[in-house]
Novice: 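First the structure, which I've put down as structure tokens, then a few questions once you've had a look.
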Amino acid sequence: MLEHQLIQSTGFRNIGPVGARTGFAVRIRIPNYHGTRLSQLDGFTVTVDGEVFPFEHNRLGIRDEVYTLAELREETSARWGLLEWGEILVDKPGGLAAGIHKVEVLARIRYSYFPPDVHVFPMHEARLATLCMA
Amino acid sequence: MLEHQLIQSTGFRNIGPVGARTGFAVRIRIPNYHGTRLSQLDGFTVTVDGEVFPFEHNRLGIRDEVYTLAELREETSARWGLLEWGEILVDKPGGLAAGIHKVEVLARIRYSYFPPDVHVFPMHEARLATLCMA
Amino acid sequence: MGSLKYGVSVYSYVNDFGSVMTLEDAFDHIADTGATGIEILGEGQVEGYPEPSAAWLDTWFGLVDRYKLEPTNMCSWIDTRVTLTRNLTVEEGAADLAQDLRLAHRLGFKFLRPKFGVTSHELDPDPQWEAYVERNLDLAHQLGVVICPEIHAPTPIKHRVTDAYIAFIERTGTKNFGLMIDTGIFQDRPLTHWGSHQINDEMRQHMAFLNGIAVPPEQFLEIAQYVVFIQAKFHDIDDSLEDLNIPWRPVMSAILRSGYSGWLSSEYEGLRSPWRAIDQVRRQQVLLRKLEAEYEAGLLA
Amino acid sequence: MGSLKYGVSVYSYVNDFGSVMTLEDAFDHIADTGATGIEILGEGQVEGYPEPSAAWLDTWFGLVDRYKLEPTNMCSWIDTRVTLTRNLTVEEGAADLAQDLRLAHRLGFKFLRPKFGVTSHELDPDPQWEAYVERNLDLAHQLGVVICPEIHAPTPIKHRVTDAYIAFIERTGTKNFGLMIDTGIFQDRPLTHWGSHQINDEMRQHMAFLNGIAVPPEQFLEIAQYVVFIQAKFHDIDDSLEDLNIPWRPVMSAILRSGYSGWLSSEYEGLRSPWRAIDQVRRQQVLLRKLEAEYEAGLLA
Ligand SMILES: [Mn+2]
Ligand SMILES: [Mn+2]
């Protein structure tokens with residue numbers, strides 16, 4: 001089961017080898033009320049303790065695949081199911097320090113049934129989350 | 001999955017044939033933090049809209065069995081697992097009206113590791129609950 | 001008693017679904033309200049959509065059987081703007097609709113609600129909708145499924161969108177296309193919450209429909225002959241069983257006087273605090289049945 | 001690095017377990033903290049206790065394997081006052097303990113914490129405890145399981161209850177019986193919540209231990225040789241990573257200076273609002289590891 005909120009407690013972690021971290025991951029549930037074709041997602045901006053990591057550079061990990069923004073935008077077959085979590089993968093050499101961080105996610109979802117000029121819908125959530133292993 | 005609270009929304013229902021209801025049921029999760037031998041439960045007092053239905057007369061339904069208080073007190077083999085719901089079965093000819101009711105449950109649990117004179121631990125919860133079918 | 005059929009949409013439990021509730025739990029919650037129908041989001045409740053596994057299908061039919069719930073409507077979406085740089089072609093959109101029709105049929109649903117992309121702030125559907133649907137009318141007929149786009153706020157009943165759907169029905173004479181009414185169009189008092197957020201003044205300015213577009217319930221009678229499904233949208237029913245947004249007495253009166261005898265499918269869309277929807281749906285089921293009983297007793301004008 | 005082993009008790013998630021969390025979720029939450037051990041309540045996490053099905057056992061071993069968590073301690077209870085009119089006999093109590101030892105061993109646990117019935121307001125265990133345990137020492141030895149009753153507030157370290165357990169160890173010379181320390185005994189500031197309830201003055205009067213019995217951490221050194229397991233009980237770690245109730249700096253210092261090299265198993269027992277425990281456990285794991293690192297760097301006296 002997923003946590004009710006967008007940003008999950010578990011899965012907030014550094015990535016890359018211990019001592020040579022390459023970045024971090026934020027686990028989220030799908031920022032939508034239904035499963036979604038990946039091309040309908042237009043990336044995720046992540047902010048940690050005020051430092052902004054823009055959506056253009058972050059990747060999405062879902063099941064065993066990782067997508068860059070360019071790949072996501074063109075992925076019209078693969079889908080993100082309502083019961084699955086995904087993780088936003090963020091480059092940050094050295095990773096984050098162990099401890100409590102303020103984490104914000106701005107997910108950009110596209111709805112064809114919103115008017116074209118506002119069809120990228122920003123969904124924002126913020127929380128304190130704890131990263132366990134430096 | 002069960003609701004977090006003791007008294008569940010679903011399962012609050014009249015029992016007996018439509019038009020000749022014999023009483024009602026209140027579904028609860030186990031009033032304990034671990035699974036429990038049934039003999040450690042000493043009955044459930046139910047109050048609906050201020051009307052008290054004392055624990056001596058109510059029955060406990062668990063899985064496919066129903067226990068009177070006397071049976072419960074002597075049942076040293078059967079157990080109530082942490083993931084299972086039970087229902088308190090209450091006699092009330094005619095049943096309850098469809099609609100929103102204030103429902104209170106006072107569960108009496110016995111803990112051998114509490115001092116003998118206070119070893120019946122009363123756990124009380126109250127909520128508004130909706131009975132759907134008269 | 002009663003001519004209406006009562007169902008519940010699993011959308012009512014969104015946010016809870018997958019966090020505090022499994023699919024089986026949803027069946028249990030719905031069946032215990034006394035409802036006999038279940039509505040789902042295809043890409044939502046169907047694991048592995050659009051091609052669920054055999055194991056999932058077994059689970060589905062097992063639940064339908066065990067909880068004695070009839071599949072009513074399946075919701076789907078047509079992702080018109082499929083990428084940032086191109087739209088679906090007519091062929092692709094029609095193929096997606098066909099895929100959903102087949103899936104709905106396979107799961108036992110009799111209605112399919114596709115949500116089309118729109119082209120304007122008045123939510124005019126992409127003109128391709130007509131081709132998507134027309135190419136699928138034979139398939140829908142073979143499968144016994146009725147395609148029903150949703151009349152949803154801020155689009156009212158008297159509007160060119162509704163008119164165009166009705167014109168299509170008249171032109172084709174089809175029985176496999178009809179209107180779905182979302183009762184949110186009758187909302188006549190402001191919402192206080194949107195999802196898990198309290199609505200503030202800025203949100204109200206940008207989304208005036210949050211205050212309700214207040215379609216007069218009598219207008220339902222004028223289009224009732226085209227209505228095949230009703231989603232009983234609501235947001236908040238208080239502890240006295242009063243709905244704070246939807247005027248159910250005139251709405252139910254109009255629905256019942258029209259002779260509509262299809263599904264009324266509870267669609268809760270209020271505050272998304274965990275577990276709240278479960279009891280809100282129970283309240284609505286009681287409220288709607290009570291009003292139907294009053295109508296039958298001659299107490300509801 | 002470090003001599004301590006970090007685990008988490010699934011009891012930390014009680015109330016959430018079965019409502020917002022499955023057993024697999026608990027494994028996931030625990031493994032992601034960096035902990036390598038899992039502690040459970042036998043009659044709690046084991047479906048079908050005391051005789052889980054073959055299917056459940058497959059699930060259990062699959063999870064242990066997948067999440068690479070080592071089973072640490074299993075908690076059990078001896079229902080001394082088995083009915084209102086009679087107590088367990090020595091034979092029955094010993095049989096229940098044997099049953100739990102076998103189950104713990106079968107699931108891969110190395111420690112079993114039985115909770116005995118008590119006879120007084122000072123929580124003296126029923127004198128039969130000694131016979132229950134003594135009859136099972138050979139079995140525990142064969143199975144490689146250590147039986148460890150819990151020293152839990154309001155019982156302090158310097159107390160006849162602790163003394164009696166130590167005397168038993170000395171008398172029998174057993175390696176299969178030892179002390180479990182629940183760090184709630186070191187609590188030196190009042191709790192604000194008990195379960196899902198805010199604590200009021202009346203509760204404080206009746207349950208003075210809610211304010212903390214404040215055992216001096218240095219006393220741990222006096223009994224450390226008998227301690228086989230530590231439940232790292234805690235209630236509230238704030239947004240600055242400060243524990244509001246347990247003085248971890250002197251507690252960790254004492255534990256580390258004693259040379260204890262066993263498990264520290266997180267046991268959250270604070271406010272039971274849904275999902276809160278997940279992050280609280282993460283905070284504690286960070287806090288304890290940070291203090292161990294400070295100790296190793298010579299920064300923790
Ligand atoms: Mn709707
Ligand atoms: Mn403990």
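All values derive from a computational prediction rather than experimental measurement. Side-chain atoms are counted along with the backbone in the values below, which use heavy atoms only and exclude waters and symmetry mates.
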Novice: Cationic tip of B:Arg108 within the cone over B:Phe121's six-membered ring, i.e. under 6.0 Å and within 45° of the normal?
Specialist: no

Novice: Could B:Arg27 and B:Trp85 be counted as a cation-pi pair, given that NZ or CZ must be under 6.0 Å from the ring centre and within 45° of the axis?
Specialist: yes

Novice: Pick whichever of D:Gly18, D:Gly44, D:Gly42, D:Gly117 has the most heavy-atom pairs under 4.5 Å with chain B.
Specialist: D:Gly18

Novice: Taking C-beta and beyond as the side chain, do D:Tyr11 and D:Glu39 meet within less than 4.5 Å on heavy atoms?
Specialist: no

Novice: Could you look at D:Glu122 and say if it's the side chain, the backbone, both or neither that has a heavy atom under 4.5 Å from chain B?
Specialist: neither

Novice: Could you check which of B:Asn32, B:Asp42, B:Ile30, B:Thr36 has the highest count of heavy-atom pairs closer than 4.5 Å to chain D?
Specialist: B:Thr36

Novice: Between D:Asp16 and chain B, which part of the residue has a heavy atom less than 4.5 Å away: side chain, backbone, both or neither?
Specialist: both

Novice: Taking side chain as everything from C-beta outward and backbone as N, CA, C, O, which of these in D:Thr80 sits under 4.5 Å from a heavy atom of chain B? Side chain, backbone, both or neither.
Specialist: both

Novice: Please look at D:Phe116 and chain B and tell me whether the side chain, the backbone, both or neither of the residue comes under 4.5 angstrom of a heavy atom of that chain.
Specialist: backbone

Novice: Looking at B:Asp49 and B:Lys102, does any basic side-chain N land under 4.0 Å from a carboxylate oxygen?
Specialist: no

Novice: Side chain, backbone, both or neither: which part of D:Thr83 has a heavy atom under 4.5 Å from chain B?
Specialist: both

Novice: So what's closer than 4.5 Å to chain B heavy atoms on D:Val14: side chain, backbone, both or neither?
Specialist: side chain

Novice: Which answer fits D:Thr85, side chain, backbone, both or neither, if we ask what part of it has an atom under 4.5 Å from a heavy atom of chain B?
Specialist: side chain

Novice: Could you tell me whether D:Arg113 sits above the aromatic face of D:Trp77, with NZ or CZ closer than 6.0 angstrom to the six-membered ring centre and within 45 degrees of the axis?
Specialist: yes

Novice: Is there a donor-acceptor pair under 3.5 Å between the side chain of D:Ser12 and the backbone N or O of D:Val8?
Specialist: no

Novice: Is it true that D:Glu92 and D:Arg86 have a side-chain N and a carboxylate O under 4.0 angstrom from each other?
Specialist: yes

Novice: Side chain, backbone, both or neither: which part of D:Leu84 has an atom under 4.5 Å from a heavy atom of chain B?
Specialist: both

Novice: Could you tell me whether D:Glu150 and D:Lys233 have a side-chain N and a carboxylate O separated by less than 4.0 Å?
Specialist: no

Novice: Counting heavy-atom pairs under 4.5 Å to chain B, which of D:Asp79, D:Leu41, D:Thr22, D:Asp124 comes out on top?
Specialist: D:Asp79

Novice: Does any heavy atom of chain D fall under 4.5 Å from the side chain of B:Arg37, the backbone, both, or neither of them?
Specialist: both

